[in-house]
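What follows is one structure encoded as structure tokens, with my remarks underneath.
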Amino acid sequence: MATARKGDLLGRLADLSEEAIQRLSDVPGADRALGAINTLRDRTDELQRRVRGLEGMEQRLAALERKVDKLSKSSSATPSRSTAKKTTTTKSSSAKKSK
């Protein structure tokens with residue numbers, strides 16, 4: 001009996017919604033409103049597709065940032081030593097010139 005009530009309630013609700021849609025279509029300017037609603041739906045769908053694409057790009061960016069950090073840590077030790085030697089050599093050679 002409870003399912004018959006729910007079915008009846010849902011049937012009545014469906015009938016009422018159909019009537020409401022028909023009444024809205026008879027209202028002046030309703031075609032513009034429906035067009036705006038459809039445009040909004042299309043834009044929302046496009047926005048959802050773009051956001052899904054951004055999630056994948058964010059994951060790839062995070063992976064690339066980790067790789068860059070690893071490479072910069074491993075390569076930063078070697079060049080900093082050679083840079084320090086070059087700086088020391090330059091300073092000592094300039095000191096020799098001034099003497």
Side-chain angles (χ1 to χ4, degrees):
M1 180 150 206
T3 57
R5 259 188 168 170
K6 287 182 183 179
D8 187 41
L9 180 64
L10 291 177
R12 288 177 48 197
L13 184 60
D15 291 340
L16 288 174
S17 63
E18 288 176 7
E19 288 177 26
I21 291 172
Q22 288 176 354
R23 287 182 185 171
L24 283 176
S25 65
D26 294 338
V27 174
D31 56 339
R32 289 182 63 195
L34 290 175
I37 290 171
N38 285 333
T39 303
L40 179 63
R41 183 193 62 194
D42 294 340
R43 288 182 180 180
T44 304
D45 291 342
E46 180 65 27
L47 181 62
Q48 286 176 346
R49 277 187 239 121
R50 288 183 181 188
V51 168
R52 286 184 202 130
L54 288 177
E55 290 173 358
M57 289 176 64
E58 287 177 349
Q59 291 174 354
R60 292 188 315 195
L61 179 63
L64 288 172
E65 286 175 342
R66 286 191 297 268
K67 287 180 182 179
V68 167
D69 287 342
K70 286 180 183 178
L71 291 173
S72 65
K73 286 178 183 177
S74 65
S75 64
S76 65
T78 307
S80 65
R81 290 178 189 161
S82 63
T83 306
K85 290 179 182 178
K86 289 179 183 177
T87 306
T88 307
T89 307
T90 307
K91 288 181 181 177
S92 64
S93 64
S94 63
K96 289 180 182 178
K97 289 181 182 178
S98 64
K99 284 183 179 181

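Just so you know, these numbers come straight off a predicted model, no measurement behind them.
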Problem set entry | Audit row: Glu46, Arg49, salt bridge (charged side-chain N to carboxylate O under 4.0 Å, His left out) steps and yes/no | CA-CA 5 Å; Glu46 180 65 27; Arg49 277 187 239 121; 2.6 Å; yes
For this session: Output the distance between atom CZ (Arg32) and atom CG (Leu34), rounded to the nearest 0.5 Å.
Result: 12.0 Å
Exercise. When rounded to the nearest 0.5 angstrom, what is the spacing between CG in Leu61 and CZ in Arg66?
Worked result: 10.0 Å
For this session: Any chance you could measure Arg12, atom CZ, to Leu10, atom CG, to the nearest 0.5 Å?
Result: 11.0 Å
Exercise. How about Asn38 and Arg41: do any of their side-chain heavy atoms sit closer than 4.5 Å?
Worked result: yes
Exercise. Cluster partners of Val51, using ILVMFWY side-chain heavy atoms under 4.5 angstrom, listed by chain and number?
Worked result: Leu47
For this session: Sequence neighbours left out, what passes salt bridge (charged side-chain N to carboxylate O under 4.0 Å, His left out) with Glu65? Give chain and number order.
Result: none
Problem set entry | Leu64 CG to Leu71 CG distance, which is reported to the nearest 0.5 Å | 10.5 Å
Seminar exercise, completed: Members sharing Leu16's hydrophobic cluster, built from side-chain contacts under 4.5 Å between Ile, Leu, Val, Met, Phe, Trp and Tyr, are none
